[in-house]
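Written out below as structure tokens is the structure these notes cover.
Letters A, B, ... are given to chains in the order of the sequence lines, protein chains preceding strands, and every chain is numbered from 1.
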Amino acid sequence: MTAVTTAKTLSELHVKLDPEGFLVDPNEWTPEVAQLIAQEEGIELTDRHWEVINFVRAYYEEHGEPPTLRAITKRGGVPTKELYQLFPKGPAKKVARIAGLGKPRGCI
Amino acid sequence: MTEERKLAIIVSKGTLDMAYPGLVLANAARMLGIEVKLFFTFWGLDVINEKTVDHLKVAPVGNPAMHMPQLAGVLPGATDLATAMMKKQMEKLDLPPVREFLEMIHDAGAEIYACRMAADMMGLTKEDLVPQVDEIVGALEFLEMAEGAQIIFI
């Protein structure tokens with residue numbers, strides 16, 4: 001940890017997280033926050049991850065609620081299989097966390 | 001936290017309103033990273049049968065949840081009406097049709113099995129079933145596979 005010490009930790013960014021690690025205020029989200037949460041989840045963000053995240057953020061801005069996973073696959077153009085590969089072991093919560101939205105409440 | 005959880009869902013009914021609960025639960029479980037195995041038996045085979053998967057219906061007769069006089073349920077067209085109404089509601093909720101739902105949960109990693117006895121009884125082989133069916137297995141095999149899982153019977 002000598003030269004490259006620019007990376008901050010989540011606590012240093014002062015974003016409020018709920019007890020389960022979801023952002024309390026989606027407006028506090030930045031791409032940097034996404035990077036750090038993804039790191040916590042053990043996910044290295046690729047362009048495909050960003051396509052999902054950007055779609056989810058845009059959908060949220062427009063509708064005021066997060067999209068269903070089906071909406072992500074249907075309208076976001078990332079097939080179900082790939083979505084599960086990008087965000088292994090439970091994409092619903094992981095996508096919501098990384099995109100800075102609350103815990104998903106829907107059924108689908 | 002949920003890494004070790006396993007769910008085994010037994011679908012024994014073949015009506016539209018009894019097909020969805022199992023599919024919704026299976027999908028929700030996969031979205032949370034819970035391992036899922038579905039076992040379709042008896043009339044549940046209709047849900048994964050190529051011939052019937054797109055034509056499941058809601059039966060108003062004998063279904064007290066329809067909130068209508070039972071006699072009205074036997075009128076011509078009552079079943080189609082109830083079915084059409086339910087499909088419309090499903091679409092509003094962004095619930096896919098059964099065939100697409102099966103594809104979705106299978107792509108999501110849920111395993112889909114058909115009951116051997118029920119398949120034999122109805123003269124069905126794997127070719128008669130939707131391609132998402134992993135295997136036709138007996139009840140013994142399924143119970144072995146479902147060891148340690150929470151079991152839901154629908």
Side-chain angles (χ1 to χ4, degrees), chain A residues 17-22 37-38 40-44 48-49 51-53 55-56 58-60 62-108, chain B residues 1-7 9 11 16-38 47 86-112 130-134 148-150 152 154:
Chain A
L17 300 178
D18 73 9
E20 287 181 84
F22 293 91
I37 295 179
E40 266 189 24
E41 295 279 0
I43 295 170
E44 202 175 313
R48 282 302 263 177
H49 290 96
E51 273 178 48
V52 175
I53 296 165
F55 172 81
V56 170
Y59 187 102
Y60 176 78
E62 194 185 326
H63 298 88
E65 56 180 44
T68 61
L69 285 192
R70 183 174 183 234
I72 299 176
T73 56
K74 280 261 164 190
R75 278 161 257 165
V78 179
T80 306
K81 264 188 197 165
E82 191 184 349
L83 192 62
Y84 275 79
Q85 279 157 6
L86 292 171
F87 302 92
K89 303 216 168 185
K93 279 189 179 179
K94 294 200 172 159
V95 172
R97 265 200 85 201
I98 296 170
L101 306 179
K103 186 177 172 179
R105 306 234 169 260
C107 283
I108 176 113
Chain B
M1 176 183 55
T2 51
E3 315 289 319
E4 301 299 322
R5 262 184 92 180
K6 284 166 80 176
L7 214 56
I9 302 173
V11 182
L16 191 60
D17 49 327
M18 292 302 259
Y20 272 104
L23 298 173
V24 170
L25 280 170
N27 183 58
R30 286 306 302 142
M31 289 187 342
L32 292 178
I34 298 171
E35 197 181 293
V36 177
K37 294 181 200 312
L38 286 141
V47 179
M86 183 166 167
K87 283 189 171 165
K88 217 165 104 189
Q89 288 300 325
M90 297 276 166
E91 223 173 79
K92 250 192 233 161
L93 294 171
D94 205 23
L95 274 172
V98 174
R99 183 187 287 275
E100 189 194 325
F101 216 155
L102 287 166
E103 271 170 36
M104 197 166 104
I105 59 177
H106 195 249
D107 281 353
E111 295 167 30
I112 298 179
V130 297
Q132 286 75 33
V133 174
D134 291 292
Q150 294 168 301
I152 297 175
I154 299 170

Using non-hydrogen atoms only, which part of B:Leu95 is less than 4.5 Å away from chain A: side chain, backbone, both, or neither?
both
Below 4.5 Å from any heavy atom of chain A, which atoms of B:Glu103 appear? Answer side chain, backbone, both or neither.
neither
To the closest 0.5 Å, what do you measure between [atom1] ([X]) and [atom2] ([Y])?
{"X": "A:Lys94", "Y": "B:Leu32", "atom1": "NZ", "atom2": "CG", "value": "10.5 Å"}
{"X": "B:Met31", "Y": "A:Leu83", "atom1": "CE", "atom2": "CG", "value": "10.0 Å"}
{"X": "A:Leu69", "Y": "B:Asn27", "atom1": "CG", "atom2": "CG", "value": "7.0 Å"}

Among B:Gly109, B:Ala28, B:Ala108, the residue with the most heavy-atom pairs under 4.5 Å to chain A is B:Ala108
Test side-chain contact (heavy atoms from CB on, under 4.5 Å), reference B:Met104, set A:Arg70, A:Lys81, A:Lys74, output is A:Arg70
